[in-house]
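Okay, structure first, notes after.
Chain A is the first sequence line, chain B the second, and so forth, proteins listed ahead of strands; every chain is numbered from 1.
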Amino acid sequence: QAQDKAGVPAQKKAASAPAGEQFFPVLSYRTGAYAPNGVPFANGYVDYLKLVNARDGGINGIKITFEECETGYATDRGVECYERLKGKSPTGATLFHPLSTGITFALTDKSFTDKIPIITPGYGRADSMDGTVFAWNFPLGGTYWTSSDMLVQHIGKKEGGLDKLKGKKIALVYHDSPYGKEPIPLLQERQKMHGFELLLLPVTHPGVEQKATWLQIRQQRPDYVLLWGWGVMNSTSIKEAVATGYPREKMYGVWWSGAEPDVTPAGEGAKGYNALTFLAPAGQGAVHKDILKFVHAKGEAAGNKEGFGEVLYNRGMTNAMMSVEAVKRAQIRYGKKPLKGEEVRWGLENLAIDAAAIKRLGFEGFMAPISTSCVDHEGGSAAQIHTWDGSKWVVEPGMLQPDMSIIKPMIRASAEKYAAEKKIVKRDCAKETS
Amino acid sequence: MSATAAIPTLLAVNGIEVIYNHVILVLKSVSLTVREGGIVALLGANGAGKTTTLRAVSNLLKGERGDVTKGYIEYLGKRIDGLTPAELVKRGVVQVMEGRRCFAHLTVEDNLLTGAYTRSRAETSAGLERVYEYFPRLKQRRASLSGYTSGGEQQMTAIGRALMSRPKMILLDEPSMGLAPQLVEEIFEIVQNLNQKEKVSFLLAEQNTNVALKYAGYGYILENGRVVMDGEGRSLAENEDVKEFYLGFSSGGRRSFRDVKSYRRRKRWLS
Amino acid sequence: MNKNTPFIAVCVALLVGLVLPLATGASAPGFYVEVLLGGLMAGVLYSLVALGFALIFKASGVFNFAQGAMVLFAALAVARLAERMPLWAAILVGIVIMTLLAWFIERLVLRPLVNQDPIALFMATLGVTFFLDGFGQTVWGSDIYKIELGMTKEPVLVLQNLFQGGILVNGEDFVAAIVAAALVGGLALFFQYTPTGRALRAVADDHQAAQSIGIPLNRMWVIVWAVAGVVALVAGVIWGSKLGVQFSLSQVALKALPVVILGGFTSVTGAIVGGLIIGVGEKMAEVFLGPVLVKAFDLAGGGIENWFAYVLALVFLLVRPQGLFGEKHIDRV
Amino acid sequence: MSAMENDRAGRIGGQILAVEGVSLAFGGVKALSDVSFDVREHEVRAIIGPNGAGKSSMLNVINGVYHPQKGTIRYQGREYHHMDPHEVAVSGIARTFQSLALFKGMSVLDNIMTGRNLRMRSNILLQALRIGPALREENEHREVVERIIDFLEIQAYRKTPVGRLPYGLQKRVDLARALAMEPKILLLDEPMAGMNIEEKQDMCRFILDVNDEFGTTIVLIEHDMSVVMDISDRVVVLDYGRKIGDGTPDEVRGNQAVIDAYLGVSH
Amino acid sequence: MIYRENGQFKSSYAADQQMLPIGQDRVFMVALLVFVFAVLPAVLGDYVFLSLLIPFLILTIAAIGLNLLVGYCGQISLGHAAFMAVGAYAAYNLVLRVPQLNFLLVLVLAGLVAAAVGLVFGIPSLRIKGLYLGVATLAAQFFIDWVFARVKWFTNYAHSGSVQTAPIEMFGWTIDSPVEKYVFLLSLLIVFTLIAKNLVRSHIGREWMAMRDMDVAAEVIGIRPVYAKLTAFAVSSFYCGIAGALWGFMHLGAWEPLAFNLTLSLNLLFMIIIGGMGSVLGCYFGAAFIVVLPIVLNQVPAWIGFPISTAMASHLEFMIFGALIVFFLVVEPNGLARLWAIGKEKLRLWPFPH
Ligand SMILES: Nc1ncnc2c1ncn2[C@@H]1O[C@H](COP(=O)(O)OP(=O)(O)OP(=O)(O)O)[C@@H](O)[C@H]1O
Ligand SMILES: Nc1ncnc2c1ncn2[C@@H]1O[C@H](COP(=O)(O)OP(=O)(O)OP(=O)(O)O)[C@@H](O)[C@H]1O
Ligand SMILES: [Mg+2]
Ligand SMILES: [Mg+2]
C-alpha cells in the first residue's frame with residue numbers, strides 16, 4: 001500500500017474511478033547538505049500530484065499514488081530507493097525522476113533491463129537526448145550542453161557578438177561531480193570556435209570551501225564566471241564573490257544555481273547575480289491557485305508549503321506535470337488503465353505540450369513548448385536569464401535557444417561511444433510506429 | 001581474636017561474590033574485616049582473587065566489566081556499594097593499583113599532585129613534602145616524566161600519590177613487586193610508620209608472604225576465590241602448611257632454590 | 001646525522017615553497033599577501049574546530065569525532081534562537097544547551113564506557129555524531145540559516161599605495177582571529193596551571209588510575225565536554241556568520257583532523273599552529289601549484305587542496321611522528 | 001655442593017657474550033655508564049642492583065631495543081656497535097620482559113607459537129590455502145610448543161587469551177614464548193616478580209632445567225636475593241648505571257660497596 | 001545441554017586446529033550453507049538481493065580486508081575505500097583494454113594492483129602509530145579520489161568522470177540477474193573468508209597480531225615490523241581491491257570517484273568495530289549492521305503504518321542508528337562477535353549460570 005509520506009495518508013479511492021492506480025515513485029532529499037534545494041522541489045512535485053488527484057480525480061480517473069524515498073543526494077541511497085520502489089504496485093513504477101546526475105548515471109544502466117523511463121529535465125547525461133541509444137532517458141526541455149550553449153551565446157550577445165569573445169576569459173566554477181563536469185565538453189567546443197580562455201575550477205562536495213577558488217578568480221580576473229553549483233555551494237560562491245569583490249553582474253548560474261535558497265543567504269551581496277531559468281521561473285499562475293484551493297486549503301500541503309511559488313517549487317511542479325501529461329498521452333494509445341513504465345515511455349516519446357496546452361494546464365509563462373520523439377528525447381530547449389534584484393528574481397525578456405548544429409554531432413559521438421562500451425544495440429526509430 | 005574485638009571495625013567485606021564479564025565467577029563468598037588502625041594482609045597464589053577483592057572494595061570493578069553479585073561491603077558501618085571511587089577517596093579509602101599505573105605523560109611531581117585532587121592547597125604542599133621525606137629518590141626525579149622512570153621509582157610514585165589524599169585506609173596491591181629488597185623493607189617500614197604515627201589502616205595484597213606476615217597484624221589466605229584460612233599474622237607464620245607452601249620452609253629449614261627437585265603437586269585445602 | 005635533520009629539511013622545503021611564487025615573480029606581491037591572509041583566516045577557522053578535538057583528546061583520551069557535529073549543532077541552535085531573541089541571549093542559551101549536551105554525553109556514553117579501548121570510545125563518538133546530525137536537523141531544521149554578527153561582509157581595500165591593486169581584507173576575519181587567540185591563551189593557562197587541568201591530563205593517561213586516586217571522572221568529563229562544546233559554539237558562530245549555517249558545516253570540520261595530527265593531538269598550541277600551517281599551505285598550493293600541475297599532467301581541473309592538507313600532515317608525521325607539539329609516545333620494556 | 005654442582009661448573013664454557021664499555025643516556029639521565037662484563041656459555045649470570053640502576057636498560061642494549069651511545073657488544077666472536085632486534089633474535093638471543101610484554105589479545109598457544117616464527121618458512125600463498133607444507137609445518141611446530149607447554153605446566157590454559165590469565169601464569173607464558181625460540185642465550189628480566197615462594201620454586205626449577213637440559217645460557221635480573229644466591233653462577237651488580245661488583249654469589253655478598261648500595265644488612 | 005563439547009576429544013593437532021572444533025557447530029554450518037545457497041534464492045525477491053544482500057556480501061569482503069589490517073595487525077586505516085577505488089578502476093580498465101580477459105583473472109589482477117598501492121600507502125605505518133596513522137591514511141583516501149577524478153585516462157576520457165560497465169561474462173555464463181550475482185558473490189565471500197581464516201591461523205597471522213599487541217616484544221622475538229605491517233597492508237588492500245571491483249561491476253554498474261569516498265571508508269571501519277575487531281565473523285555482523293540497518297530503519301515507519309514525513313523518517317533513522325551504535329558499544333565494547341561468543345559460552349554452560 002503506497003503511503004503519502006509527506007504528511008497525510010493518500011486519498012481514498014473514488015468509487016466511480018476505473019480500477020487501479022498509477023504509481024509515481026518520488027526520489028527526494030529533505031535532509032543533509034542539499035536539503036535547502038531538495039525540499040521546495042519535492043514539495044512542488046508532490047503538491048502537483050495531489051492536485052491531479054483532488055481536482056481531476058486522477059489521470060483520467062486513474063488515481064495517482066506515490067511514495068517518497070529519501071536519497072540524501074547520494075548515489076547508493078538513490079539506487080536503493082529505486083530498487084525499493086520500482087516494483088511497487090501491480091504495474092510497477094511509472095517513471096523515475098532521480099533529481100541527481102549521479103543517480104541518473106547509475107539508473108541509466110538499470111533502465112535497459114527494468115524498462116522504466118527516467119526523466120531528467122535539465123540535468124542528467126547530455127547525450128541521453130539521443131533516444132536511439134538511451135531508450136529510457138528523457139532529459140526533457142534541456143541538458144547541460146544546451147544550457148551551457150545558451151549561456152555562451154548570451155555572453156556573446158552582451159559582448160556584442162560571439163566573435164568578440166576572442167581573448168576573453170570565462171571561468172567555470174563547478175560542483176566536482178558528474179553534474180558539474182557535464183558542461184565541460186560543450187564549453188571546450190565553443191572555446192575552440194571562439195577563442196576565449198576557459199578556466200576550470202572544481203569545488204568539492206558539498207561546496208562550502210571555496211576560498212582558494214575565488215582567490216584564483218581574483219588573480220585571473222575572468223570576464224565572466226559560470227556557476228555550476230547545487231545546494232549550499234551556490235550561496236557560498238556568491239558570498240565568496242562578495243568577499244573577493246568579484247562583480248555579481250558578471251556571474252551566470254545554470255538553472256540549478258538560480259533559485260531563492262541560492263541567493264538569500266548571501267543577503268544584499270547577491271544583488272545583480274544572474275542565472276538561467278527554464279521550466280518555471282518564480283511566481284504564481286493559474287495552477288498555483290488550484291493548488292492553494294485543492295491542496296493547501298485542505299491542509300495537505302507537502303512540507304509546510306516551503307518554497308511555494310519559488311523557482312524550485314515551480315520546477316518540481318512542472319516536472320510532475322510533464323510526467324502526468326506523459327501518462328495521459330500514453331493512455332490514448334494503451335487505454336485508461338494503470339500503465340507500465342514501458343507504456344509510459346511511449347507517452348514520453350510522443351509528448352507534445354504546445355502553447356495551448358500550457359495555458360490550459362495553468363502553466364502559462366512557466367515553460368516553453370516541448371515536443372519529443374523517439375529520436376529526440378529532449379523535445380526542444382529554451383531558457384531565459386533572470387537576475388536577482390535583492391528581493392526577487394527579475395526575468396529578462398527574450399528566449400535563448402541552443403545552437404543544435406554544434407550540439408547534435410557531439411551527442412551522436414558521445415552516444416555512439418556509450419553504446420559501444422555497453423554493447424547496446426541501437427533502436428531503429430523508423431521501424432517503431434508512433 | 002578477643003584482644004582485637006574492642007577495636008571498632010573499619011571495613012567489613014561480607015560474603016561477596018564477583019563475576020567478570022557476566023560469566024567468569026572469581027570470588028565465591030569472601031568475607032573479611034579490617035579493624036581501625038590495623039594492617040591486614042591478603043595472601044594467596046596468582047589468580048586467587050586478591051586484586052579482585054581490592055577492586056570490589058574500592059569500586060573499581062566496573063571498569064573491568066566485573067560485578068559484585070552477592071554480599072556487600074561496609075566501611076565505618078555504612079554500605080559503600082553505590083559510591084564512586086572518587087567519593088570513596090574523599091571518605092578516606094584509596095587504592096594503589098597493581099602494576100603501578102603512573103600517569104606516564106606527567107612528571108613525577110605532577111603525578112603526586114594529582115593525588116591531592118581532593119585536598120586543599122595548603123595540605124597539598126605539606127603532603128608533597130611528607131612524600132619526599134618518605135621517598136627521597138622521588139625528589140631527585142621529580143621533574144622527569146614518570147613513563148621513563150624505573151619500575152621501583154614508579155612504585156614509589158604510586159604509593160606517594162595515594163598518600164597525597166591523606167587516606168584513612170589504603171588498599172595496597174602487591175607493593176613489593178619488582179622492588180629491590182632494601183626498598184621492600186623500606187616500603188613496609190613506611191607502611192608501619194604510617195600505620196603507627198598516622199593511624200592509617202592497610203589492606204594489602206601480597207605475594208611476598210614473608211614480609212607481609214612480618215608486618216601484618218592479621219592475615220587472610222585466599223585460594224580460588226575463597227578464604228581458606230585466616231588468623232593473626234604471627235600465628236599464620238607459624239602454621240606448618242603456611243610455612244611450607246607460602247614461606248618456603250620445610251621441616252629442615254629453608255630449602256635452597258637449587259634443590260627443589262621434583263615438581264610437587266601443590267597441597268590444597270580445598271578441592 | 002642529527003635526528004632532527006629530516007624535520008628541519010621538511011620545514012625548509014615548506015618555507016621555500018612558500019616564498020617561491022613571490023621569488024619567481026609568479027605572483028604580484030599584493031595578491032600574494034591576499035592569498036596568505038586568506039590562508040591564515042581559513043586556518044584560524046580550522047584551528048577553532050581542531051581546538052575542540054585537542055581539548056577532549058588531551059583531557060579524556062577520546063578521539064571525538066563528534067566535534068564537527070557539535071559545531072553544527074551549536075551553530076544551528078544559535079542561528080535559530082537568534083530569530084527569537086537578541087544574539088547575545090541566543091549565545092548564552094546556546095552555551096547552556098552545549099553544557100546540557102555534555103552532561104548527557106557523559107551520562108549516556110562515556111560513563112558506561114569507562115576504561116574501554118580508545119577505539120571503542122572513538123566509535124561511540126561516531127554514534128553521537130549520527131545522533132546529533134539527526135537530532136539537530138529535527139529540532140532546528142535543515143535549511144540554510146544566517147547568523148548576523150553585525151559586521152559588514154563587503155571587503156575593504158587597504159594598502160593601496162603599497163601594493164598595486166591593494167589588498168582585500170575582511171573585518172570579520174580579524175574578529176575570528178582575535179577570538180581564537182583569546183580562547184587558546186585561556187585554555188593553555190588552564191591546562192598547565194590549575195589542579196583541574198592537571199587532573200584532566202591524568203585522566204587522559206589512565207582512566208582507572210585516575211579514578212583510583214579520587215579524581216571524579218564523571219565531573220571531569222562533563223567539564224571538558226562542556227568546554228569543548230563552548231569552543232564548538234564559538235567556532236560554529238564564526239563559521240556560520242561567514243558561510244551560513246547548514247548541514248555541510250559538519251563536514252568542513254573534517255579538515256580539523258589533519259590539523260590536529262600535524263599539531264599533535266594533545267596540544268592546544270598545536271591545534272592553532274597546525275591550523276595556520278594547513279590553511280596557508282593549502283590555499284597557496286591550490287592557487288600557485290594547482291594550475292602548474294593541471295598544465296603539466298593535463299588534468300581535469302585542480303582541486304589539490306582536497307588532499308594537500310592530509311599529505312602535508314603525512315609528511316610531517318613521517319619526520320616527526322608525534323606531530324609538531326604532541327607528546328612523545330612512551331614505550332618502555 | 002654435590003657432584004652435580006661440579007658437573008655444572010665443568011660444563012661452563014668460554015665467553016659467548018661480552019659487553020664492553022657500554023654507556024647509554026636518555027637526555028640527562030645516565031642509565032648506563034661505561035659498563036663491561038661478560039657471559040660464559042652455559043652459565044647462569046645474574047644482574048642485580050637497586051631500582052633504576054640500569055638493569056633492564058642493559059638487557060635492552062643487548063637486545064637491540066636501545067642503541068648505546070658508546071661501547072660495543074661482542075657476541076659469538078663478532079663485534080657490534082649495536083644490534084637490530086631482529087638480527088638478535090635470529091642469532092639466538094631470546095628475552096622475557098619485566099612488565100609483561102605478552103600479546104594480550106592472543107591465546108596462550110598462539111603467543112608461544114610466535115616464538116617459533118623465525119623457523120617457519122612457508123610463503124603467504126601456502127598459508128592462505130593452508131595446504132601441504134604450510135599445514136605440515138604448522139603441526140610440527142605445534143608439537144614443539146606443546147612440549148614447552150607441558151614443561152611449564154600450562155596445559156589447561158592453552159586456548160585462554162593471555163590477557164585473562166593471572167599475573168604469575170602470564171610470566172610463565174612469557175618464558176614459554178622465549179623458550180620456543182630455542183635460544184642460545186635467554187635474558188630474563190625479573191621473571192619471579194610477583195610470585196609466591198612456591199611459584200618461585202617452580203620457576204627456578206624451570207630455569208635450571210632449561211639451563212641443564214638445553215644448555216641455554218641464562219642472564220637473569222632478579223631482586224629476590226635468595227634466588228640469585230642460590231641459582232646463579234656469577235653476579236654483576238649495577239648501581240646508578242655503574243658496575244660496582246662482579247663475581248660469584250659469595251664474592252658479591254661480601255663486597256662492601258654492594259652491601260651499602262643494595263643488600264643492606266639483612267642479608 | 002544440547003550445546004556442549006563434552007565427549008568430543010581430539011586425537012591430533014590437525015583435528016585440534018579445525019576451524020569448527022565443536023560438532024554442533026559443523027552441523028549448523030552445513031545447514032546454514034544449504035539455507036543460503038538453496039533456500040534464499042528461491043524465496044527472496046530482487047529488491048532484497050539488489051539492495052541488501054549484494055551490498056552486504058561485497059562489503060563483508062572489504063570489511064574482512066580492513067579487519068585483517070586494523071583488527072589483526074592493529075594499524076588503523078581511515079582510507080580503505082580508496083583501495084576499493086583502485087580495485088574498481090583497475091578492473092574497469094582491464095576489462096576495457098583487454099576485453100578477452102576472464103573476469104576472475106581481472107578480479108585477481110585488480111586486487112594485486114590495489115595491494116601494490118596499499119603497500120605504498122602502508123609505508124608510513126613503519127613510523128606512525130595508532131590514530132595518527134589513521135589520520136595519515138586519510139591522505140591516501142583524498143589523494144586517490146583526486147587522482148581518479150582528475151587523470152582522464154582512468155575514466156577513459158569520460159567527460160563526466162563517470163564510468164559504466166557491461167554485464168560480466170565468465171566461462172559462457174553471463175552474471176546478470178540478481179540471483180546469479182548473489183550466488184557468485186556468496187561463493188567468492190566464502191572463499192575469501194576461508195583464506196582470511198587460514199591466514200590468521202598461520203604464522204603470518206600471528207605476526208600481525210603480535211605487531212598489534214606489543215610491537216617491541218614482537219621485534220625482540222624476531223618479527224620484522226616492515227614485513228608484518230606491509231604484508232598486512234598488502235593483503236588488506238588486496239581484499240578491498242577485489243571488493244571495490246565487485247562493488248563497481250556487480251553493485252553499482254556505473255560509478256564516479258565519489259562512490260568510494262570517505263563515507264565508505266568510515267562505514268568499513270564502523271563495520272569492523274561494531275562487528276568486532278580481530279574477528280572474521282564480526283565482519284559479517286558489522287556489515288549487516290551498517291548496510292542493512294539504516295535501510296530497514298528507514299522503512300519501519302511505513303511498515304507499521306505510522307505516517308511521518310520522509311525528512312522526519314530519515315532524521316529518526318540517523319538518531320536511532322547513532323543511538324544503537326552507542327548502545328551496542330555499551331553492552332559490549334568488543335563488538336557483536338564478542339556478544340555472540342558470550343552468548344555461546346552461556347549456552348555451553350546452560351542451564352547453569354556459571
Ligand atoms: N578483567 C577480568 N576479566 C576476566 N577475568 C579476570 C579479570 N581480571 C581478573 N580475572 C580473573 O580473575 C581471577 C582472579 O584474578 P585476580 O587478579 O584477582 O588475582 P590475584 O590474586 O590478584 O592474582 P595475582 O597475584 O596474579 O595478581 C583470575 O583467574 C583472573 O584470570
Ligand atoms: N626509554 C627511556 N627513556 C628515558 N629514560 C629511561 C628509559 N629507559 C630507562 N630510563 C631510565 O634509565 C634508568 C634505568 O632504568 P632501568 O629500567 O634500566 O632500571 P632497572 O635497573 O631495570 O630498575 P628496576 O629494578 O626498577 O626495574 C632509570 O632512571 C630510567 O628512568
Ligand atoms: Mg593481583
Ligand atoms: Mg627493570
What part of [X] gets closer than 4.5 Å to chain E, counting heavy atoms only: side chain, backbone, both or neither?
{"X": "A/Y418", "result": "side chain"}
{"X": "A/T108", "result": "neither"}
{"X": "A/T204", "result": "neither"}

E/W255 vs E/F249 aromatic rings, parallel, tilted or perpendicular, using cut-offs 30° and 60°?
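It falls in the tilted class, 30° to 60°.
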Classify the angle between the aromatic ring planes of E/F121 and E/F143 as parallel (below 30°), tilted (30 to 60°) or perpendicular (above 60°).
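Rings of E/F121 and E/F143: tilted, as their planes differ by 30° to 60°.
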Which bit of [X] comes within less than 4.5 Å of chain A, counting heavy atoms only: side chain, backbone, both or neither?
{"X": "E/E256", "value": "side chain"}
{"X": "E/L264", "value": "neither"}
{"X": "E/N261", "value": "neither"}
{"X": "E/F142", "value": "neither"}
{"X": "E/A149", "value": "both"}

Options A/H205, A/R77, A/Q188, ranked by heavy-atom pairs under 4.5 Å with chain E, top entry
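Among A/H205, A/R77, A/Q188, the one with the most close pairs to chain E is A/R77.
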Out of curiosity, A/Y73 OH to A/L27 CG, how far, rounded to the nearest 0.5 Å?
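Reported value, rounded in 0.5 Å steps: 13.0 Å.
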A/K181 vs A/D176, test: salt bridge (Lys or Arg N to Asp or Glu O under 4.0 Å). Steps then yes/no.
CA-CA 7 Å; A/K181 290 176 187 167; A/D176 196 4; 3.8 Å; yes
Just wondering, more than 12 heavy atoms not from A/K340 lying within 6.0 Å of its NZ?
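Not buried by this count: 12 neighbours or fewer within 6.0 Å.
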Taking the six-membered ring for Trp, are the ring centroids of A/Y174 and A/Y179 within less than 6.0 Å of each other?
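No, ring centres 6.0 Å or more apart.
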Less than 6.0 angstrom separating the ring centers of E/H315 and E/F318, yes or no?
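Not under 6.0 Å, so no.
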